[in-house]
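Right, one structure below, let's go through it.
Whatever order the structure lists ligands and atoms in, that order sets their numbers, starting from 1.
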Amino acid sequence: MKLTLSVIKADIGGFVGHSTTHPEVVAKVREVAEAGKEKGTILDCSVITCGDDIAMVMTHTHGVDAERVHKLAWDAFIAGTEVAKSLKLYGAGQDLLSDAFSGNVKGMGPGVAEMEFEERKSEPVIVFFADKTAPSAWNLPLYEMFADPMNTAGLVIDPSMHDGFTFEVMDVYSGKAILLKTPAELYDLLVFIGATSRYVVRAVYRNSDGEIAAAASTQKLSLMAGRYVGKDDPVLIVRAQSGFPAVGEILEPFGRPWLVEGWMRGSHTGPLMPVSFAQAKPTRFDGPPRVIAAGYQICEGRLIGPNDLFDDPAFDVARERAAHLANFLRRQGIFEPHRLPPEEMEYTTLPKVLEKLKDRFKDVGEPEAKAPGSGEGEVHE
Ligand code: 13P
Ligand code: 13P
Ligand code: MG
Ligand code: MG
């Protein structure tokens with residue numbers, strides 16, 4: 001029997017501001033999920049939160065992009081939004097960009113990560129969930145988990161992983177994707193996924209048999225909405241053990257924080273801090289960005305878990321380093337590179353400010369430079 005694991009998430013209201021979710025809203029989402037389980041739409045559901053975002057982790061047998069599963073998530077988020085509105089929570093219904101459901105939540109605001117597989121003898125999976133960042137936050141850890149032998153010893157030691165993994169990389173602006181096979185095409189992969197403002201890893205497959213290993217949400221809220229409404233706050237599913245990286249190899253990249261986009265007003269760079277469920281409450285300057293790791297054993301479609309995997313003092317140093325990095329970046333205030341570069345700020349609220357000032361620029365007699373990449377003004381010999 002093929003099982004589908006679907007993780008669908010949305011921000012439907014913050015308590016307080018954009019810091020966390022409210023228990024009554026989470027309870028309502030859970031109630032709708034339970035009703036869906038009783039009706040047989042899904043086999044099981046676990047509702048988890050990170051910052052002001054709620055994710056429904058669901059198992060079922062309807063395959064990816066199943067209308068009835070997406071509808072269940074949509075209905076749960078709509079019902080949760082009603083509760084958020086009744087409490088006047090901040091940004092109630094923030095990520096729901098439409099009033100009417102039309103077959104699939106993709107393009108309607110929520111983030112979606114899904115995969116279909118034959119449940120193994122033992123099926124450990126990890127669902128990562130981040131707040132105050134973008135889907136490209138997964139590029140670096142996915143590279144380390146599935147292509148860097150300095151992180152994942154199994155790539156070298158385990159014969160069932162030795163053939164490596166293939167990455168599906170999507171250009172968020174064109175919606176097109178490319179498959180790149182590692183280790184052979186590792187450098188080609190890095191050409192793209194190092195450019196986090198444009199390329200995101202969508203899925204990872206095992207080379208030896210094409211089995212799916214990881215799936216990420218790639219939805220960019222501002223591109224869907226055509227304006228800034230909030231940050232994407234992505235989810236990622238990774239299968240572990242027996243031919244996939246060990247749980248510890250999957251968590252290992254988070255032992256050293258790195259910088260991601262999406263802090264404060266979606267406009268700043270900040271360190272991604274791995275935290276326990278209880279610490280997933282971004283308050284300082286609405287951050288710094290957080291990530292939780294929810295571990296599950298899947299048993300005949302049942303979700304045994306979640307196990308709060310970053311609730312481990314071994315990640316204390318990463319948290320402390322992230323706090324130091326946060327301090328350092330805050331020193332930079334509204335100046336780049338803490339603030340995102342102009343191309344990225346186009347997708348925030350800043351263009352509205354620029355619009356007001358644009359007619360105030362006057363020609364002062366300096367030669368006009370050509371925009372980079374326009375091809376004009378280049379020297380040809
Ligand atoms: P407000 O203008 O809604 O206060 O926005 C600030 C913010 O937190 C962006 O989402
Ligand atoms: P969220 O995307 O988590 O709602 O945050 C919005 C924001 O601008 C916080 O500063
Ligand atoms: Mg919010
Ligand atoms: Mg959020």
Side-chain angles (χ1 to χ4, degrees), residues 7-23 25-26 29 47-56 73 77 80-81 83-85 87-97 105 108-113 127-138 172 216-236 259-275 277 279-292 294 326 329-330 333-334 338-340 344-353:
V7 184
I8 305 184
K9 56 82 40 186
D11 172 348
I12 51 172
F15 170 58
V16 172
H18 295 284
S19 63
T20 62
T21 53
H22 192 281
V25 176
V26 180
V29 169
V47 176
I48 54 176
T49 66
C50 183
D52 59 356
D53 289 76
I54 304 179
M56 297 170 69
F77 293 141
T81 296
V83 177
K85 281 184 179 159
L87 299 172
K88 287 179 70 178
L89 296 184
Y90 198 70
Q94 177 181 279
D95 290 0
L96 309 185
L97 303 177
V105 292
M108 299 181 74
V112 185
V127 175
F128 292 96
F129 190 9
D131 190 32
K132 309 295 180 261
T133 190
S136 60
W138 308 131
V172 294
S217 64
T218 54
Q219 288 73 31
K220 300 266 280 180
L221 206 48
S222 56
L223 299 187
M224 289 187 267
R227 63 181 199 287
Y228 180 72
V229 286
K231 207 55 199 170
D232 323 315
D233 303 337
V235 285
L236 165 69
L259 301 180
V260 298
E261 67 166 90
W263 194 359
M264 181 49 86
R265 296 171 187 270
S267 307
H268 294 76
T269 293
L272 187 61
M273 184 186 268
V275 291
F277 297 173
Q279 293 175 325
K281 185 173 164 181
T283 54
R284 181 179 180 191
F285 197 56
D286 287 2
R290 305 290 154 115
V291 57
I292 59 163
L329 284 165
R330 287 304 301 130
I334 195 65
H338 184 23
R339 180 171 78 164
L340 298 183
E344 290 288 300
M345 296 300 291
E346 276 178 37
Y347 298 97
T348 69
T349 46
L350 189 68
K352 288 189 196 142
V353 179

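Of all the atoms in ligand 2, the ones that sit under 4.0 Å from a non-hydrogen atom of Gln94 are 1 (P), 2 (O), 4 (O). Of all the atoms in ligand 2, the ones that sit under 4.0 Å from a non-hydrogen atom of Asp233 are 1 (P), 2 (O), 3 (O). Listed by number with element, the atoms of ligand 2 under 4.0 angstrom from any heavy atom of Met264 are 10 (O). When each atom of ligand 2 is checked for a heavy atom of Gly266 under 4.0 Å away, the hits are 8 (O). Short contacts between ligand 2 and Gly230, defined as distances under 4.0 Å to a heavy atom of the residue, involve ligand atoms 2 (O). Under a 4.0 Å criterion applied to the non-hydrogen atoms of Asp11, ligand 2 contributes the atoms 1 (P), 4 (O).
A donor atom on one side chain and an acceptor atom on the other are found under 3.5 Å apart for Asp52 and His18.
A distance-only check finds a donor-acceptor pair linking the side chain of Asp11 to the backbone of Gly13 [under 3.5 Å]. Checking side-chain atoms of Arg290 against main-chain N and O of Pro274 turns up no donor-acceptor pair under 3.5 Å. Between the side chain of Tyr228 and the backbone N or O of Gly266 there is at least one donor-acceptor pair closer than 3.5 Å.
With a 4.0 Å cut-off on non-hydrogen atoms, Asp131 touches ligand 2 through its side chain and not its backbone. Neither the backbone nor the side chain of Phe285 comes within 4.0 Å of ligand 2, counting heavy atoms alone.
Shown are the protein N/O/S atoms under 2.8 Å from the Mg ion (ligand 4), given by residue and atom: Asp52 OD1, Asp53 OD1, Asp131 OD1, Asp233 OD2.
Residues Met273 and Pro271 are not in side-chain contact: their nearest non-hydrogen atoms beyond the backbone lie 4.5 Å or more apart.
For Phe15, the ring-ring contact (aromatic ring centres under 6.0 Å, His included) partners two or more places apart in sequence, or in a different chain, are His22. When the side chain to side chain donor-acceptor pair (under 3.5 Å) test is applied to Glu261, the partners found at least two apart in sequence or on another chain are Lys231. Asp53 is linked by a side chain to side chain donor-acceptor pair (under 3.5 Å) to Lys9, counting only residues two or more places apart in sequence or in another chain.
Taking 4.0 Å as the cut-off, Gly51 does not count as a neighbour of ligand 2 on heavy-atom distance.
A cation-pi contact, defined as under 6.0 Å to the ring centre and within 45° of the axis, links Arg330 to Phe285.
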> Given His268 and Ile334, is the side chain to side chain contact (heavy atoms under 4.5 Å, CB included) satisfied, shown in steps?
Replying inline: CA-CA 9 Å; His268 294 76; Ile334 195 65; 4.0 Å; yes

> Hey, mind stepping through Thr20 and Lys281 against side chain to side chain contact (heavy atoms under 4.5 Å, CB included) and telling me if it holds?
Replying inline: CA-CA 6 Å; Thr20 62; Lys281 185 173 164 181; 3.2 Å; yes

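The heavy atom nearest to atom 3 (O) of ligand 2, out of those in Lys132, Arg265, His18, is found in Lys132.
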